J.: 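Just passing along the structure, written as structure tokens.
Just so it is clear, the structure is predicted and the values come from calculations on it, not from any experiment.
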Amino acid sequence: MSTKGKRDFRPRVHFTPPKNWNNDPNGLVYIDGVWHLYYQYYPEDAIWGPMHWGHAVSKDLLHWEHLPVALYPDELGYMYSGSIAYDKRNTSGFGREGKIPMVAMYTSHGYDHEETQSIAYSLDGGLHFEKYYGNPVIKNPGLKDFRDPKVFWNEKKECWSMVMAATDRAYIYASDNLKEWRKTGEFGKKENLVPTVWECTDLFPVKTGEGEKWVVMVSMIHPGTQGRANTQYFVGDFDGDTFHCTEKSSEPLWIDFGFDNYAGVTYNNYDRPIFFGWGVNPIYANQAPTGEYAGLMTIPRELSLVKIDGKGYRLKTQPFGLDALRTAAYPVRDGSALLTDSFGMKVKGDFGKIILENQKGQEVTIEVKYDSVVIDRTKAGARDFSDYFQTETFSVTKAERLGKGDIDMEILFDVSYLEVFADGGLETASMVVYPDAPYQRIRIDGDLQVDIYPLK
């Protein structure tokens, strides 16, 4: 039975909009101790509609202050996804009286569906934006899908660079002033193993024990690949003009093997890559039974690279900003009551299962085997709100373990959102579940030691 309107599924520490629809994270930027989150937002209804940029800020990425809508549709179209450059050098010339401009670069999705790239600037900390009179700053080169610019400062060339989705690949541009752009490269036509439309590309450096590598990340509109909300990544080098993949793989590399993590990108102006994703699968996001709001963000995640024997570098994702909460962890055993429906768990030991269950017989299962991690939400709660959600394809997911041996896993559950970080984050899964009543008991099958702590 569907539970739309019956339960409050709103997570406690995962970002959700005050009400109505949200999707892709946009304009992620860290400035003077404040994390800015802009996001795709439709303020009139809890289903997708004409896109605006919503805005919220946080000092810890867990508790948010909601601010007024930052960008509204205009004569060039709807406000599709993009990013923000913190223009400390005032290369744009928008700064005045010592005020550093925040420059938003976004896709203008025209009413005729033509997509171009535009900019706007703010001198009051990102609350209000003035759109540039010269928009669009990049015209459409004749592509149906041409969107989601992610701008960043290019230390190699002492200029701004930008990566964006261009149908089935990424285009890379450069600019000295954020207004005039020149194309410097392309990536993906040969290396991509999933033929589909690209969205929400990102390009960022990651420090390793052997120096620095670069990562291209791309979300992919594709109904296959076991139902995943597909975010593929590539590891290689950036020469200042274009990206070269150096870590070859015979199969796609996914940042998440769950169903509900899409359109994720990293924060600008921070010394490490901190990732946010949209925590619902676009295939059934419009049907989610969450009532007055729709959409959420993943927990913030720090990205790093680990070298795996015989495979090369692989991305590892770990929850970011939870250290203070983990200090309150206490042990639980098989059959223990869950005192809250918003918690984290640290799991160590041999192989086994963890099952979260309620009095209605609904349950979600996380199983770690010698060579795989399996998550099953078949009996987790409401299913019939979507023809896709209730299928086997979208019920059970499995990933090969890159880290073998004893279990080192962290599990986060926040009312209706489950995140699993196995083998220190080498295998990560994100899943929505909609139980008719809170999970109230934990079952532990196997030689596992489990410590639990509240998320608050």
J.: In terms of ring plane angle, is the pair F259 and F394 parallel, tilted or perpendicular, where the classes change at 30° and 60°?
T.: tilted

J.: Would you say Y270 and R272 are linked by a side-chain donor-acceptor pair, where the criterion is simply a distance under 3.5 Å?
T.: yes

J.: Which class fits the ring pair F238 and W214: parallel under 30°, tilted 30 to 60°, perpendicular over 60°?
T.: tilted

J.: What I want to check is whether the side chains of T107 and Q117 have a donor and an acceptor closer together than 3.5 Å.
T.: yes

J.: Keeping the roles fixed (side chain from N140, backbone from L143), state whether a donor-acceptor pair exists under 3.5 Å.
T.: yes

J.: Return yes if some donor-acceptor pair links the side-chain N/O of Y233 with the main-chain N/O of L315 below 3.5 Å, else return no.
T.: yes

J.: Before we go on, tell me: are the rings of F276 and Y39 under 6.0 Å apart, centre to centre?
T.: no

J.: For the side chain of E115 and the backbone of F146, is there at least one donor-acceptor N/O pair under 3.5 Å apart?
T.: yes

J.: Working note: S430 + T298, criterion side chain to side chain donor-acceptor pair (under 3.5 Å); need CA distance, chi angles, decisive distance, verdict.
T.: CA-CA 8 Å; S430 307; T298 66; over 6 Å; no

J.: So, for Y417 and F9, is the gap between ring centers shorter than 6.0 Å?
T.: no

J.: Which of these passes salt bridge (charged side-chain N to carboxylate O under 4.0 Å, His left out) with K348: D451, D423, D408?
T.: D408

J.: For residues Y267 and Y30, establish whether the separation of their ring centroids is below 6.0 Å.
T.: no

J.: Strictly under 6.0 Å, is that where the ring centroids of F343 and F413 end up?
T.: yes

